[in-house]
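Single-structure report; data block below.
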Amino acid sequence: MSSATMTSGRMTEAELRAQEKAAKKAEKERQKRIAADEKAERKRAEKSGFANVNNPRRSTVMTVICAIFAVYCLFPFVYLMINATKTQADFTSTFGLGFGKTFALWDNIVTVFTYQDGIFGRWFINTILYVLVGAGGATLLAIMGGYALAKFRFPGRKLVFAVIIGAISVPGIALAVPQFLLFAKLNLTNTPWAMIIPSLVSTFGLYLMWIFSDQAVPDELLEAARVDGAGEFRTFFQISLPLLAPGIVTTALFTIVATWNNYFLPLIMLKDSNWYPLTIGLNQWKDQASTAGGQAIQNLVITGSLITIIPLVVAFLCLQKYWQSGLAAGAVKE
């Protein structure tokens, strides 16, 4: 092999090494530019108050705030779970966040359902009745009313909107006395209708479904259904209703929780304990110790309260999958 050929080979190797060094240097510079860009983007996000989901950053302050909020929300539930395991003696003699000497959860549950001839079971059934008929009816009326207001144009529509906004701004407690006087004139007090009829009206649910229907149901889908010969009811139940699922679930949960936790309305409407909901019944048990010759049963009140919130927790867990947006995305080509 000639010396010229060897020199040419050595030159090629040197060039390759130089190219490798240049490539590594360029890659380092590129990584530095990316890091600088990410840092600048984080600063812009901090100033604007928004975060980029593709470029997340950790915030110790926000983590601590979320942890404190989580503890605040879960503390009552933990308190119920711990104290529902105590006997009445342990409830009054032990620390509130500590377990008692005896684990009496099952005994407390059995006693709750057998105390006073099983009146707790009657209260539970009453509450379910008020929720199914009252909250269910309120949800149905809110869906149909909100859809009609969103998709149909008629005289007085703006007036209806003003009335709904005004009704939302009025607290429910301000209407309790007029409702009582009205139902007293109709001889409906101390009956289930005194709970069911007021629960059928949910102005917030109507407003929520109005806004949601306007955004979730494209007008082009309705026009296509009408062109194909579908009537308004068929269009509503087969096309619009599936698209309204997230709003329906949200409205249903609002009305269910409001009816389930309703306290002041049954307090003034109902006198017969056989028609009490759980809220009034448990409060009656709580006040039992302050009456003459009354027996303190705080352990039963705590256990009954724990049983009372279980259906709501189950409802939230079962319905949370429907809280999704964009169900109509792609249904219409813009």
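What you see is a predicted model; the values in this text were computed from it and never measured.
Summarising the geometry of A176 relative to F264, their closest heavy-atom pair is CB-CE2, 3.3 Å, with the distance given to 0.1 Å. Taking every heavy atom of both residues into account, A230 and T235 meet most closely at CB-OG1, 3.6 Å. Minimum interatomic distance between L200 and G134 (heavy atoms only, all atoms of both residues): CD2-O, 3.7 Å. Summarising the geometry of L265 relative to Q179, their closest heavy-atom pair is CD1-OE1, 3.6 Å, with the distance given to 0.1 Å. L208 approaches T250 most closely through the heavy-atom pair CD2-CG2, 3.7 Å. Between A138 and S202, the shortest heavy-atom distance links the atoms CB-CB, 4.2 Å.
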Could you go through I248 and M209, starting from their C-alpha distance and side-chain angles, then the distance that decides it, and tell me whether this counts as side-chain contact (heavy atoms from CB on, under 4.5 Å)? CA-CA 7 Å; I248 293 172; M209 289 307 304; 4.1 Å; yes
Audit row: L206, L141, side-chain contact (heavy atoms from CB on, under 4.5 Å) steps and yes/no: CA-CA 8 Å; L206 177 61; L141 293 176; over 6 Å; no
As a quick check of understanding, evaluate side-chain contact (heavy atoms from CB on, under 4.5 Å) for I109 and L105, giving each step before the final call. CA-CA 6 Å; I109 294 175; L105 177 60; 4.1 Å; yes
May I have the step-by-step check of side-chain contact (heavy atoms from CB on, under 4.5 Å) for T251 and F212, ending in yes or no? CA-CA 10 Å; T251 303; F212 191 84; over 6 Å; no
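Tracing side-chain contacts under 4.5 Å through hydrophobic residues (I, L, V, M, F, W, Y), one reaches L181 starting from L267; they form part of the same cluster. Linking ILVMFWY side-chain heavy atoms closer than 4.5 Å, directly or via other members, places L175 and W193 in two distinct hydrophobic clusters. M81 is not connected to F99 by any chain of hydrophobic side-chain contacts under 4.5 Å among Ile, Leu, Val, Met, Phe, Trp and Tyr, and they are in different clusters. Grouping the Ile, Leu, Val, Met, Phe, Trp and Tyr side chains by contacts below 4.5 angstrom, directly or via other members, places L188 apart from V201. Under the 4.5 Å side-chain heavy-atom criterion for ILVMFWY residues, a single connected hydrophobic cluster contains both I280 and F113.
Between P277 and Y130 the shortest side-chain heavy-atom distance falls below 4.5 Å. Counting heavy atoms from C-beta on, the side chains of F75 and L97 come closer than 4.5 Å.
With rounding to the nearest 0.5 Å, the separation of CD in Q284 from CG in L282 is 10.0 Å. With rounding to the nearest 0.5 Å, the separation of OG in S240 from CE in M144 is 11.5 Å. Atom CZ of R226 sits about 11.0 Å away from atom CG of L221, to the nearest 0.5 Å. Note that CH2 of W275 and CG of L129 are 7.0 Å apart. Values are rounded to the nearest 0.5 Å. If you take CG on L182 and NZ on K185, they are separated by 10.0 Å, rounding to the nearest 0.5 Å. The structure places CG of L241 at 9.5 Å from OG of S213, a figure rounded to the nearest 0.5 Å.
Among residues at least two apart or in separate chains, ring-ring contact (aromatic ring centres under 6.0 Å, His included) pairs with a member in residues 223-257 are Y147-F236, F204-F254. Applying the side-chain hydrogen bond (donor to acceptor under 3.5 Å, both in side chains) test to residues at least two apart or on different chains, the pairs with a partner in residues 76-89 are N83-K86, K86-T94, T87-D90, Q88-Q298.
Side-chain atoms of T279 come within 3.5 Å of backbone atoms of N262 as a donor-acceptor pair (strictly under, hydrogens ignored). The closest donor-acceptor contact from the side chain of K151 to the backbone of V217 lies under 3.5 Å. Within the 3.5 Å criterion, the main-chain N or O of A252 finds a donor-acceptor partner in the side chain of T255.
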Listed pairs under 3.5 Å, donor-acceptor, residues 152-164 side chains, sequence neighbours left out:
from, atom 1, to, atom 2, distance (Å)
R153, NH1, A150, O, 3.1
R157, NE, L149, O, 2.7
R157, NH2, L149, O, 3.0

Atom pairs and distances, side-chain donor-acceptor, residues 117-128, under 3.5 Å, sequence neighbours left out:
from, atom 1, to, atom 2, distance (Å)
R122, NE, N126, OD1, 3.4
R122, NE, N274, O, 3.1
R122, NH2, N274, O, 3.4
W123, NE1, S273, O, 2.8
N126, ND2, R122, O, 3.2
N126, ND2, N274, O, 2.7
N126, ND2, Y276, O, 3.1
T127, OG1, W123, O, 2.9
T127, OG1, L278, N, 2.9

For residues 301-317, which side-chain donor-acceptor pairs fall under 3.5 Å, sequence neighbours excluded?
from, atom 1, to, atom 2, distance (Å)
T303, OG1, N299, O, 2.8
S305, OG, V301, O, 2.8
T308, OG1, G304, O, 2.6

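Every residue two or more places apart in sequence or in another chain was checked for a ring-ring contact (aromatic ring centres under 6.0 Å, His included) with Y263, and none qualifies.
If you check the side chains of E27 and Q31, you find a donor sitting under 3.5 Å from an acceptor.
The environment of CZ in F91 is crowded: more than 12 heavy-atom neighbours from other residues, nucleotides or ligands sit within 6.0 Å.
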